[in-house]
Amino acid sequence: MAGGFKALLALSVVLLVSNWQHWTYGKATPQVPCYFVFGDSLFDNGNNNYLTTPVKVNYLPYGIDFPLGATGRCSNGLNIADTIAEQLGFDSFITDFGVGGFTNFLDGVNYGSSGAGILDETGYLSRDLFTMNIQLYNHKITVSRIAKQLGGDDVAKKYLSKCIYVSDMGHNDYLNNYFLDTYNSSEIYSPDEYAQHLIKNYKTQLEDLYSTGARKIAVFGLIRVGCMPSNIQQYPNELDDSLCAYKLNDDVKIFNSLLQTMLEELNEKHKDAVFTYINSYDIDSDVTNAGFKHTRESCCQVLQSGAVPCQSLSVPCANRSEYVYWDGAHFTEAKAWAFGKRAFKRQLPQDAHPYDISELVKLELHDNDVNNVNLAQL
């Protein structure tokens, strides 16, 4: 009992000092002490720059509207993870993990890696990537540093339990694995079997994240990959009335359905945590796209028909706020904001379940089991 009180008192001092620093320097106080990001190219903020891989976009016109230029974000400006950080009240960008040389980790870390997936074999043709398993390994390094910085496990556990965690994984397990002829996964698994295979692995990974002290976890479903300009161009004979490659969308919908069931199971098992589902598929819809004039074309010039990356130093469209897609697969900053706002505060009831991110922030969770986390063993 006394140990728990001391930990709570120490945490209060940490948060008080943090808030004082924000007030002293004229900064806004974030709604949560920290924000951790796991994901693929929709969330990557430059981690691939440190890797030996062709999957990196640290060149113009990427970042043309970003304050720091071409940082490795697959966008003209902010990505979805950035918009959520801003809505959480962070007034500076969440640091990338890179190769672990960062020092400002108390606000959180972005581990996202373009091309990465749930499965380690996904994207292996692109050489080095931070797969979900590697991102979790990197997070454990961060957690150990936080424990050391704050003066012990008990304080760190309390601190980490109040943070927001987001995970956006699975797109590349389809786009750069199941849908490619260079992989044999589509020969081994039916669409249902493959989704089950992914969900089984993803559940283990989310359990692993929970074991590090994460308690408020927003898990993003998959977007309408069949509506990406690159896939529309690659599958011109498989388009539905919405001009999207319907077979690709049908497959990811299976994954999304199983993901919701899996998160319900985790919530039933871990009463001291909340795993909430962000309905990316429905958010990535004509409702969100209503204010855009160009919903199926990329703003920048891609290398060739069906390709994803922008041509280096090419001149993009001038009216970027009117485009959903920046390149062959990734959103413009304008679409990232439209998407991020609905993920943070639902516009429709089905946007998030059981909570949107703004509601997740305000939740008071029972922390009976938080003290069972042994950070030294991570």
Side-chain angles (χ1 to χ4, degrees), residues 37 39-44 73-84 87 112 114 117 166-176 179 195 198 218-235 238-260 263 276-299 308 320-353 356-357:
V37 179
D40 50 33
S41 55
L42 292 180
F43 282 16
D44 183 3
R73 289 167 169 82
C74 298
S75 172
N76 60 303
L78 302 181
N79 61 26
I80 296 170
D82 294 321
T83 69
I84 293 171
Q87 291 174 91
S114 299
V166 297
S167 181
D168 168 63
M169 274 292 186
H171 295 102
N172 289 305
D173 295 291
Y174 284 96
L175 296 171
N176 293 316
F179 295 154
L198 292 179
V219 182
F220 285 64
L222 305 186
I223 65 173
R224 300 172 186 243
V225 297
C227 299
M228 294 174 174
S230 58
N231 286 328
I232 291 174
Q233 293 160 9
Q234 289 182 51
Y235 301 93
E238 299 181 17
L239 305 184
D240 56 20
D241 292 340
S242 63
L243 298 180
C244 297
Y246 67 89
K247 177 64 170 61
L248 277 59
N249 283 344
D250 287 347
D251 284 356
V252 300
K253 282 195 290 186
I254 299 171
F255 173 90
N256 286 339
S257 178
L258 294 178
L259 177 59
Q260 293 177 69
L263 295 179
T276 200
Y277 177 71
I278 304 300
N279 190 353
S280 300
Y281 192 90
D282 277 7
I283 293 176
D284 181 27
S285 66
D286 290 339
V287 174
T288 306
N289 294 343
F292 295 92
K293 292 183 179 180
H294 307 278
T295 61
R296 299 290 184 265
E297 309 88 28
S298 55
C299 171
V308 172
R320 293 183 280 280
S321 63
E322 298 178 355
Y323 278 74
V324 166
Y325 288 98
W326 165 245
D327 59 15
H330 306 101
F331 298 145
T332 58
E333 178 179 316
K335 173 61 184 283
W337 265 114
F339 191 109
K341 286 180 179 178
R342 283 182 66 178
F344 191 79
K345 189 172 184 61
R346 68 182 104 197
Q347 179 178 334
L348 299 172
Q350 64 267 29
D351 287 351
H353 178 78
D356 60 33
I357 295 174

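Counting begins at 1 with the first residue of the sequence. Bear in mind that the values here come from a model prediction, so they are computed numbers and not experimental data.
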request  = For residues Ser75 and Gly77, report the shortest heavy-atom separation together with the two atoms involved.
outcome  = OG-N, 2.9 Å
request  = Check whether any side-chain heavy atom of Trp337 lies under 4.5 Å from a side-chain heavy atom of Gln87, and answer yes or no.
outcome  = yes
inquiry  = Quick check for you: to the nearest 0.5 Å, what is the distance between Arg342 atom CZ and Thr288 atom OG1?
reply    = 3.5 Å
request  = State the NZ-CZ distance between Lys335 and Phe292, to the nearest 0.5 angstrom.
outcome  = 6.5 Å
task = Evaluate the criterion side chain to side chain contact (heavy atoms under 4.5 Å, CB included) for residue pair Val219 and Tyr277; output intermediate values, then yes/no.
result = CA-CA 5 Å; Val219 182; Tyr277 177 71; 5.6 Å; no
ask   = With distance as the sole test, does Glu333 use its side chain to make a donor-acceptor pair with the main-chain N or O of Leu78 at under 3.5 Å?
value = yes
request  = Answer yes or no: is there a donor N or O on one side and an acceptor on the other, between the side chain of Asn279 and the main chain of Gln350, under 3.5 Å?
outcome  = yes
inquiry  = So that I can tick it off, tell me whether Lys253 and Asp250 are bridged by a salt bridge, with the cut-off set at under 4.0 angstrom between side-chain N and carboxylate O.
reply    = yes
Minimum heavy-atom distance Gly221-Asp168, with the two atoms named = O-OD1, 4.1 Å
task = Verify, without hydrogens or angle tests, whether Asp286 (side chain) and Asn289 (backbone) share a donor-acceptor contact under 3.5 angstrom.
result = no
ask   = What's the verdict on side chain to side chain contact (heavy atoms under 4.5 Å, CB included) for Ser167 and Phe43, showing C-alpha distance, side-chain angles and the deciding distance?
value = CA-CA 9 Å; Ser167 181; Phe43 282 16; over 6 Å; no
message = Can a donor-acceptor pair be found, under 3.5 Å and without considering hydrogens, that links the side chain of Thr83 to the backbone of Ile80?
response = yes
query = Is there side-chain contact between Asn231 and Phe179, with heavy atoms separated by less than 4.5 Å?
reply = no
query = Would you call Glu322 and Cys299 a side-chain contact if the rule is heavy atoms closer than 4.5 Å?
reply = no
ask   = Salt bridge or not for Asp284 and Arg224, using N-O below 4.0 Å?
value = no
request  = For Ser41 and His330, work out which heavy atoms get closest and say how close.
outcome  = OG-NE2, 2.7 Å
ask   = At what distance, to the nearest 0.5 angstrom, does NE2 of His353 lie from CZ of Arg346?
value = 8.5 Å
query = In Å, rounded to the nearest 0.5 Å, how long is the span from NZ of Lys293 to OH of Tyr323?
reply = 10.5 Å
query = What distance do His294 atom NE2 and Ser321 atom OG have between them, rounded to the nearest 0.5 Å?
reply = 9.5 Å
inquiry  = Side chains of Ser230 and Tyr325, heavy atoms from C-beta outward: is any pair under 4.5 Å?
reply    = no
query = If you take all heavy atoms of Asp356 and Ala343, which pair is closest and at what distance?
reply = CB-O, 3.7 Å
key: Any donor-acceptor N/O pair, Asp351 side chain to Gln347 backbone, under 3.5 Å   = yes
task = Determine whether Tyr174 and Leu248 make a side-chain contact, defined as any pair of heavy atoms from C-beta on separated by less than 4.5 Å.
result = no
ask   = So, Asn79 side chain and Asp44 main chain: donor-acceptor pair closer than 3.5 Å or not?
value = yes
query = Hey, does Thr332 have a side-chain heavy atom less than 4.5 Å from the side chain of Trp326?
reply = yes
ask   = Would a 4.5 Å heavy-atom cut-off, applied to side chains only, mark Phe331 and Val324 as touching?
value = yes
query = Do you know which two heavy atoms are closest between Cys74 and Ser114, and how far apart they sit?
reply = SG-OG, 3.6 Å
message = Among Val252, Val225, Val308, exactly one meets side-chain contact (heavy atoms from CB on, under 4.5 Å) together with Leu175. Which residue is that?
response = Val225
inquiry  = Please identify which of these residues, Asp251, Asn256, Leu259, meets the side-chain contact (heavy atoms from CB on, under 4.5 Å) condition with Leu222.
reply    = Asn256
key: Close side-chain approach of Met228 to Ile223, heavy-atom, < 4.5 Å   = yes
Ile232 to Gly226 - nearest heavy-atom pair and separation = CG1-O, 3.6 Å
ask   = Are any side-chain N or O atoms of Asp40 and backbone N or O atoms of Gly117, one a donor and one an acceptor, separated by less than 3.5 Å?
value = no
key: Rounded distance [0.5 Å steps], CD in Gln260 versus CZ in Phe255   = 10.5 Å
